[in-house]
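Here's the structure, in structure tokens; my notes come after.
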Amino acid sequence: MYDKRKITGFSSVLIVLILAYLYTIAPTVSLWDCGEFIACSHILGVPHPPGTPFFILLGRIFDIIIPFNEVAKRINFFSSLSSALAGGFLYLIILSVFQRFRENRGKRLPLSNHLIAVFSAIGAGLSYSVWDTSVEAEVYSTSILILVICLWLTLHWDENREMRGDNNYLLLLVYLIFLSFGIHLMPLLLIPGILVFVIMTDKKIFNNPKLIIFSAILILIGITTYYYLMVRAVSNPAINEADPSNFSALWDVISREQYGPMKMFPRKTQMETNLSSFIALFEQIKIFFKYFSWQYFPYPRESTNNLLKYISITGTYAYILTGLGGMFIHFKKDKKSFWLFFILYLLVSLGLVFYLNLKFSPSDPNPAHQGREVRERDYFWSSAFFLFMFYVAIGLYWIYERVKKAKSSYGYSGLALSFLIGFTPMISNINSHVNRRGNWIASDYAHNLLISIEEHSILFTYGDNDTFPVWFLQEVKGFRKFDPENKKGIRLSNFSLMNTSWYIRQLKLAGIPMDFASPFRGTNMERAYYIKKRNGETNLDFEEWVINNIQPIRCEDRQWLRPADILVRNIILCAIGRKPTFKDFIMPAEVFVNEYIKEDFKPSINIYFSYPVESYSEKVFGSHFELEGFAYRLVGKEGRNMINSRKMLDKLANEFKTSYCENPTIYTGSAQEKPLANHASIYLLSGSQSLAEFNKKHKKIISESDKDTLKMLENIFEHAFIFSMNSRLSTVVTPQVANKLKKIYFLLNEEERATNFSDSLLSIINTPPLHLLRAEMLTLNAKDKNSREFKEAEDEFLSLLNNEDFKALGYVGLTELYTISNESEKIKEIILKISEDPKLVEKVLFYAMRGNPKTAIKLLESWQEIYPGDARKVDPLIRQLKTRDKEGF
């Protein structure tokens, strides 16, 4: 007979979580692995090891049946639905455990117990890391769902052991655990706890041969989803990572051979710090607890005011104490189910700390903690954060029972506390990275990278974020797919993957020019090949065998060349119609560049490197890089910091997507900071170059077409500012943008509208860079110290002195104002204030020298008056600035 309360409770959790997720779901592709998972689901490709075949198959089903217009959103919803269902099953688990606490287990649970379970399950689904993975195409939400379904099945089996067919629950349990092997390895951590639970319940069950045999069969059936990888790899889909087309390659995928073995020692936190193993492990445990502290309140995840900081700290401890209390109550009331949950929780929390052996968090405030992960890794513990609310629910149950026993009316306070604990994460996390509403940053970044490049090109990329979103656009949207026959599109070549033989083979098969046979003729490689051939150890042709066995090569200058670097040289040589030789691979990089990249360099396929370029590529080819948007083109002419300004300007003004500039209120965290900073740099570089060229050509009269050009540049600099204003780059970009805009308004003779842009933004968002920009714009019309503009600018600059990042810029701005009003004494007061802090002096001088020369000259002359002993250092700087001032600011 159905329990209406359970149906209502399950539905309530499901609906609340689904609504929260749908409101915050990513509308398109996100950064990191999401682009790869979405593209592979859409084309039935093979993603990175361990391959996640069952996830890809399920993703394809959602791609087909969910009616969203955007393919990415359909597969993002797969994660949302998984987490919402996981919340529903957690609700049922909590009720099941509450039932086990009662002497009469057959008696219906009171409504209060259902409410506690509902609120706790909602809180679990809205904890930061769980919510964050529930709005994008990732495997963690689905693995949590499998985890809680298996826990529920274990309890359900125990509750129905006297019924016919009760062992079928165990068989289903076994099947689901090993089926989940094709999604994520996390549910395998259920096995120890379940075994202990079954032994404590009925160890005779292991004597049932029929059960054992059927379990073995179901294990084999469960892991057969991996056969999908072999089937699809043979078909060579556009994304075919590790090419698992045979059993040997398949095992390499499952065992993650590509990433090397998981080593427990040394700990990665001791490799660059010389910490002892114990202290290094302790630092990793601290990383787990750091991420735990992010789950329910904004601090320390976000910068907050002092009040919210103290509320966050107190509130987090309240969750911890309630959960630990629940853990103790669980142990006292039902030891059997306690061990089921506790063993699992230990494994998915501290057990993963030991197994994962992570480096320090990128947001670690200690500069001595080096060797850092490329991104925050809180998602690894999302299942631990989700399950902790199970213990919080038990703690709330105990609190409710205690206060109700004291006085029945007090029970409402216990329920109110449960409601508060359940819904606090929603309030705390809604304005954080979990909210992807309107966030098209990854998609725009990929589009702008692809549109920067000419047709029929190869693009060398360096990481996940300049690769996976691009795969999404090419394979899902069909945008600029590579077509060598018609000389169209772009072929990505990821440097990390270029060190693997399977990826080199795929590039050759795709039509990228390369020759791995010619350079190794007459070498030890050829002799080794024929020995293998005679012994029947290989049936490959020589080139295939070389690619499979390619190793780093030592150059004549004793520098090592990785397979990826060998491949780059190979492609360059074949693209200019030259047959590569072994000597071409061992010659020093500088000799190679001088020999083959000359004025007449015209490769058969255009060669690009994504911006910003890796240090080694910059060192080798940097003198032949010309920036054309978000990629450097390899060109014959030689120079440094070359920019194709005409092409860049056209792309920036007419073709780049800039949805963030239309909606700068969306949340951007550390994950989005790099692509936004890249946009800011590109816009600033291109705009500055174009404005400099404009200044050279136009000295006096500004025509109507010139005004159009200046207004276009104004728009470009405004975009540069918006892209940078929420990043660490803002202290560098904002002063430069302000100086460029001042010049433009002056040339247009439109100083009166200088603050329009900053004022319009301040009406919707409030950040220090905006106040700095507004203050700088006000100085254009601050003719004397009694003007409104002067007083407002002074107030804005003074307010920046309270912000550590912008203090130096505030002092520079005040110096500029007091230079305008000829208030030398106030400038001297500034100098006396900043001279107490050498680091602040250094920053002020740095920003002043980069800005208005007149301001910097006045500052240095005033410094000289106060500290005449510094004249030898100051005089050359003043002369340099006066020369720059004559050339025109």
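The structure displayed is predicted, hence computed values, not measured ones.
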Please check: side-chain N/O of Ser428 versus main-chain N/O of Pro425, any donor-acceptor pairing under 3.5 Å? no
Please check: side-chain N/O of Thr154 versus main-chain N/O of Cys150, any donor-acceptor pairing under 3.5 Å? yes
With a 6.0 Å cut-off on ring centres, are Tyr291 and Phe380 close enough? no
- Pair Gln295, Ser129: side-chain N/O donor-acceptor within cut-off below 3.5 Å: yes
When you measure from the side chain of Asn274 to the backbone of Gln270, do you find a donor-acceptor pair of N or O atoms at a distance under 3.5 Å? no
* Please work out whether the ring planes of His330 and Phe338 are parallel, tilted or perpendicular, with thresholds of 30° and 60°. => perpendicular
Does the pair Asp132/Arg436 count as a salt bridge with the N-to-O cut at 4.0 Å?
yes
* Asked: How about Trp339 and Phe197: are their ring centroids closer than 6.0 Å?
  -> no
Donor-acceptor contact present, side-chain Thr314 to main-chain Ile311, <3.5 Å
no
*Arg728, CZ atom: more than 12 neighbouring heavy atoms under 6.0 Å*: no
Chi angles and distances behind the side chain to side chain donor-acceptor pair (under 3.5 Å) call for Arg377, Tyr379
CA-CA 5 Å; Arg377 302 294 189 183; Tyr379 54 87; 2.5 Å; yes
Hey, are Glu614 and Arg562 close enough for a salt bridge, meaning a charged N less than 4.0 Å from a carboxylate O?
-> yes
- Item | Donor-acceptor contact below 3.5 Å, side chain Ser83 vs main chain Ser80 | no
* **Enclosure of Met271 CE (heavy-atom neighbours >12, cutoff 6.0 Å)** => no
Could you check whether Arg505 and Tyr503, counting side-chain N and O atoms only, form a donor-acceptor pair closer than 3.5 Å?
no
- Task: Classify the ring geometry between Phe609 and Phe460 as parallel (under 30°), tilted (30 to 60°) or perpendicular (over 60°).
- Result: tilted
Would Gln672 and His433 satisfy side chain to side chain donor-acceptor pair (under 3.5 Å), going step by step from the backbone distance to the final call? CA-CA 10 Å; Gln672 285 84 19; His433 190 252; 3.2 Å; yes
Practice prompt. State whether the side chain of Thr52 and the backbone N or O of Phe55 hold a donor-acceptor pair below 3.5 Å, judged by distance alone.
Written response: no
Does the ring of Phe288 carry Lys290 above it, NZ/CZ under 6.0 angstrom from centre and within 45° of its axis?
no
In residues 344-360, what donor-acceptor pairs under 3.5 Å come from side-chain atoms, sequence neighbours left out?
from	atom 1	to	atom 2	distance (Å)
Tyr345	OH	Ala384	O	3.4
Ser349	OG	Tyr345	O	2.5
Ser349	OG	Leu346	O	3.4
Asn357	OD1	Arg267	NE	3.4
Asn357	OD1	Lys268	N	2.8
Asn357	OD1	Gln284	NE2	2.8
Asn357	ND2	Lys263	O	2.9
Asn357	ND2	Pro266	O	3.2

TODO: Mark yes or no for whether Asn465, through its side chain, and Leu31, through its backbone, hold a donor-acceptor pair below 3.5 Å.
DONE: no
Would you call the rings of Phe388 and Phe292 parallel, tilted or perpendicular, taking 30° and 60° as the class edges?
perpendicular
Sequence neighbours excluded and cut-off under 3.5 Å, please list the side-chain donor-acceptor pairs for residues 39-46, or say none.
from	atom 1	to	atom 2	distance (Å)
Ser41	OG	Phe37	O	2.9
His42	ND1	Asp63	OD2	2.7

Quiz prompt | Under 3.5 Å side-chain donor-acceptor pair for Glu376 and Ser363 | solution = yes
- Run the ring-ring contact (aromatic ring centres under 6.0 Å, His included) check on Phe181 and Phe54 step by step: do they pass? CA-CA 8 Å; Phe181 192 58; Phe54 191 44; over 10 Å; no
Sub-6.0 Å ring centroid separation between Phe341 and Tyr391
no
Review point. Does one side chain, of Thr461 or Thr467, offer a donor that lies under 3.5 Å from an acceptor on the other?
Key: yes
- Apply side chain to side chain donor-acceptor pair (under 3.5 Å) to Tyr140 and Ser79, showing your working. CA-CA 8 Å; Tyr140 301 100; Ser79 292; over 6 Å; no
Quiz item: So, does Tyr296 use its side chain to make a donor-acceptor pair with the main chain of Tyr128 at under 3.5 Å?
Solution: no
Does atom CZ of Phe328 have more than 12 heavy-atom neighbours, drawn from other residues, nucleotides or ligands, at distances under 6.0 Å?
no
> Has the side chain of Asn435 got a donor or acceptor atom that lies under 3.5 Å from a matching backbone atom of Ile430?
Replying inline: yes
